[in-house]
Colleague: 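Have a look at this one.
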Amino acid sequence: MKLVVLYLVLLKATITSFAGLASLPVVREELVVKGQLLTDTQLNEAVVITRMTPGPVGLYVVTVGYYALGIPGACAGWLAMVSPALSVIPLVHFVGKKYDHPRVRMVLQSVVLASAGLLLAASIPLATAALTDPLMLLIALVTIVLLLRTKIDTLWIILAAGTTSYVFSTARLLLVGLI
Amino acid sequence: MSKRVSVLRIAELFIRYANFTFGGGSASTAVLHRELVARKGWIDDSQFGLCYALSRLTPGTNLLAFCTSVGWVLRGFTGAVVALLAASVPCAIIVVLMTVGFNQISRNPTWMIVIQGATTAAVGITVVTCWTIAKPHVKRTNWILPLMLVGLAFGAKALMNISSVQILFAAVIVGLLLPINRR
């Protein structure tokens, strides 16, 4: 029973939000303040963990579920995270049929262009957190050049960025140790 | 038109590119655009635009709605479910494992340095994708309005901290009101 309630609470949070962490206030209200299944520290940890792992930020509800009820809770969190995504199917089906209508194209084009602006805005906090020294700036610039000039698999670029960061940081630490 | 792609290849693509990109859903969508449109050619820019725009207007995690809609375009309901599972199960398992070992991992400097490098790549990927998704709508004869929309959305979010939902719904209204011949 607790599991179903947890799923419904997390579903309420995810289905009423339109971006990863926008569901956070509902989760806090329902599980920390009212339900006391979770502490504020655990909720903060859930957010930090999803920042440290690949994939969407919305994954934090999986950690929230895990903290609340263990592995079954994590499954409930996962289900609450994926359920709203299915609602896109009728949208794509019906809007896709009308896609040739100039007005529909115009609306979708406006949303895509606004999303491009939002994407650019989303890179600011990422850049603030990641571009902390010249090496990181160089990695970002090389990534941009590789993406624009080559068709290298993006995963290799990400892997190379992580490895370069590790190799240079280790070399820097060794040099400091020698001096 | 989209290519006829096997369910296995859909699963493989979303497992690889929706689960292992640092930097959140935006960076993963950016990676997926490159793979789906530029490298593999499974969908074209207008299909990407359709899926991307509608997923932004869908509640919940936009990345998962995007993967589901691409799966639908490629192979109908089966494709949608496979894409959704492939895009969400592996990263959910990673998150649970990370949660279990959170205290050890968060104190491991090596892991943190690697993550920072990978996130740096995500910055580059996100910036480039902003241009690649806007580019098909920026024409030689009509570039002021599209770039103005990008700039306004950017300014509203970055400078005024207006919520993404409000900005996207404002974009819907703009799309409804603009005269068609100004495209």
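Below, chain A is the first sequence line, B the second, and so on; all start at residue 1.
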Colleague: Is any side-chain heavy atom of A/Arg172 closer than 4.5 Å to a side-chain heavy atom of A/Leu135?
Modeller: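 In contact.
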
Colleague: Give the member of B/Glu35, B/Arg34, B/Arg56 that has the highest number of heavy-atom pairs under 4.5 Å with chain A.
Modeller: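 So the answer, after comparing B/Glu35, B/Arg34, B/Arg56, is B/Arg34.
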
Colleague: As an exercise: rank B/Phe169, B/Phe102, B/Phe20, B/Trp111 by heavy-atom pairs under 4.5 Å with chain A and give me the winner.
Modeller: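 When all of B/Phe169, B/Phe102, B/Phe20, B/Trp111 are compared, B/Phe102 has the most.
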
Colleague: Top residue by heavy-atom pair count (under 4.5 Å) with chain A, among B/Ser163, B/Ala121, B/Ala30?
Modeller: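 With the most close heavy-atom pairs to chain A, the winner is B/Ala121.
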
Colleague: Will you find, in the side chains of A/Thr63 and B/Thr99, an N or O donor that is under 3.5 Å from an N or O acceptor?
Modeller: yes

Colleague: Would you say B/Lys157's side chain and A/Ala122's backbone share a donor-acceptor pair under 3.5 angstrom?
Modeller: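 Between the backbone of A/Ala122 and the side chain of B/Lys157 there is no qualifying donor-acceptor contact (under 3.5 Å).
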
Colleague: Using atom types as modelled and distance alone, determine if a side-chain donor or acceptor of B/Asn19 lies under 3.5 Å from a backbone N or O of B/Phe14.
Modeller: yes

Colleague: Would you mind checking which part of A/Thr132 comes under 4.5 Å of any heavy atom in chain B, side chain (CB onward), backbone (N, CA, C, O), both or neither?
Modeller: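 Contact with chain B: backbone and side chain both.
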
Colleague: Sub-3.5 Å donor-acceptor pair from the side chain of B/Thr120 to the main-chain atoms of A/Ala140, do we have one?
Modeller: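 Not confirmed, B/Thr120 side chain does not pair with A/Ala140 backbone.
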
Colleague: When heavy-atom pairs shorter than 4.5 Å are enumerated against chain B, which of A/Thr14, A/Leu113, A/Val92, A/Val62 gives the highest number?
Modeller: A/Leu113

Colleague: If you define the side chain from C-beta out and look only at heavy atoms, does anything of A/Leu147 sit under 4.5 Å from A/Ile157?
Modeller: yes

Colleague: Please classify the contact of A/Ala74 with chain B as side chain, backbone, both or neither, using a heavy-atom distance under 4.5 Å.
Modeller: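 Side chain of A/Ala74 only, per the 4.5 Å heavy-atom cut-off to chain B.
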
Colleague: Let me know if A/Thr164 has heavy atoms under 4.5 Å from chain B in its side chain, its backbone, both or neither.
Modeller: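 Nothing of A/Thr164, per the 4.5 Å heavy-atom cut-off to chain B.
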
Colleague: Could you tell me which portion of A/Thr128 (side chain, backbone, both or neither) has an atom closer than 4.5 angstrom to a non-hydrogen atom of chain B?
Modeller: neither

